[in-house]
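Below: the structure, in structure tokens.
Model, not experiment: these values are computed from the prediction.
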Amino acid sequence: MTFSFRPVPDDPRLADLVERLRGYLDGELAQYEHDNGITHTSRLSRADLEPVWKRCRALGFYGIHLPEEYGGQALSYSELAVLKEEIAASGRVLGHSVLGDMGGPLRAGDILRHATPHQLDTYLLPLVRGERACCFSLTEADAGSDVRAMRTTAVRDGDGYRLTGHKVFSSAGPFADFAIVVARMADAEEESYSAFLVDLDSPGCRVTDGATPMSGEHIESDIVLDDCRVPAANLLGEEGKGLRIALGRVTVNRLLHCPSAIGAARRALHLTRDRALTRTVNGKPLLALQAIQHKLADMAADLYAARSMTYAALAALDRGEDVRTEAFMCKLFVAESAFRLLDEAVQIHGKDGLTQGHEIEYLFRKMRMFRVLTGTSEIQRNGIAKGLATLA
């Protein structure tokens with residue numbers, strides 16, 4: 001693939017989707033954010049987001065990756081990645097709501113295939129239509145990379161369960177209707193975890209303000225469960241299979257986070273190139289300085305490498321190949337190279353790059369987070385080493 005700030009897919013159908021998506025992002029959605037004063041640090045409400053969910057559903061973007069039976073276009077992973085990259089490259093604050101990342105079908109992941117007809121009708125199909133929203137509650141204060149250290153427990157209670165525990169960093173929690181909660185089965189003889197659909201207005205369930213991440217976004221909540229009763233009908237999949245459900249798409253999810261980081265890095269490079277062209281020092285543009293030229297060259301090379309390896313791994317995934325090791329490699333390289341790129345972008349922007357409210361400063365903080373979120377760089381290195389040890 002060639003290098004471009006606005007790449008055009010070879011496939012005409014995908015190229016048309018990208019063009020329509022760009023039109024919405026740069027036009028209608030940009031105007032919506034402007035008219036409502038929405039910034040990256042706004043405390044978003046359900047009233048802010050629901051119109052975007054429903055509008056994007058009407059335009060065919062919300063849940064576009066889903067099978068046709070659910071109103072989607074059954075996109076391949078590579079096609080979905082292209083759209084995710086475009087959204088991140090647009091710089092739109094509400095970009096996370098266009099395809100359903102924030103509380104929608106992308107947040108729910110692959111759980112539709114585990115759901116019963118009751119769960120589909122009550123929870124997941126309304127979610128797909130933009131009528132309901134969910135959050136995913138797995139992480140705890142002392143159970144991040146080591147999810148088996150979780151302390152949230154589920155106890156059988158007649159025809160249901162009682163859940164007790166404290167989940168943190170539940171993205172979309174502030175405006176979700178229900179959570180997908182993974183809990184340890186307290187009365188199991190062996191280590192066992194189950195997944196549940198928990199209505200967030202249930203007795204014994206509280207949604208509290210979560211810690212504000214360094215990005216400044218208010219999109220996280222803590223989910224506090226105190227003897228919260230959940231009916232047996234809300235057990236997702238089989239009892240004891242909760243971690244398998246929660247982590248079953250971990251390779252896919254790890255890869256699909258990369259295009260968003262690539263899109264953000266692409267935008268940062270574009271803004272920085274423009275800055276170097278227009279900012280003058282001693283009567284000459286910054287780009288006339290060889291030191292700046294070399295920085296931009298390294299930034300572009302890192303971005304091209306990150307993008308190329310990610311889409312190569314996604315293409316292999318679409319072919320049905322095992323890309324677990326490649327997914328670890330992509331997450332590691334994309335996270336580290338995107339952060340290096342943003343560090344240089346701040347340097348070239350000077351004072352503006354250090355100023356809160358400037359887009360480059362925000363992207364720097366966002367990319368710093370990506371080195372930890374969805375698996376730290378150290379976890380990725382562990383996975384790569386394990387994969388290397390088993391190679392023929």
- Query: Using a distance-only test with no angle check, is there a side-chain donor-acceptor pair under 3.5 angstrom linking Ser45 and Asp48?
  - Reply: yes
- Cationic N near anionic O, under 4.0 Å, Asp199 to Arg132: yes
- Message: Check for me whether Arg184 meets the cation-pi criterion with Tyr193, that is, NZ or CZ under 6.0 Å from the six-membered ring centre and within 45 degrees of the ring axis.
- Response: no
- Can you run down the salt bridge (charged side-chain N to carboxylate O under 4.0 Å, His left out) pairs that involve residues 323-333, sequence neighbours left out, and say none if there aren't any? Asp322-Arg324
- Partner of Val182 under side-chain contact (heavy atoms from CB on, under 4.5 Å), chosen from Leu236, Thr139, Leu243: Leu243
- Message: Looking at Asp343 and Arg368, is there a salt bridge between them, counting it only when a charged N and a carboxylate O are closer than 4.0 Å?
- Response: no
- Message: Tell me which pairs pass salt bridge (charged side-chain N to carboxylate O under 4.0 Å, His left out) where either residue lies in residues 89-98, with sequence neighbours left out.
- Response: Glu33-Arg92
- Message: Please confirm whether the ring centroid of Phe370 lies under 6.0 Å from the ring centroid of Phe339.
- Response: no
- Query: Of Arg267, His40, His349, which is the lone residue that meets side-chain hydrogen bond (donor to acceptor under 3.5 Å, both in side chains) with Glu359?
  - Reply: Arg267
- Query: Under 6.0 Å from the six-membered ring centre of Tyr311 and within 45° of its axis: does the NZ or CZ of Arg307 meet both?
  - Reply: yes
- Query: Any donor and acceptor pair, going by atom type alone, linking the side chain of Ser202 with main-chain N or O of Val198 inside 3.5 Å?
  - Reply: no
- Item | Pair Glu131 + Lys54, salt bridge at N-O below 4.0 Å | no
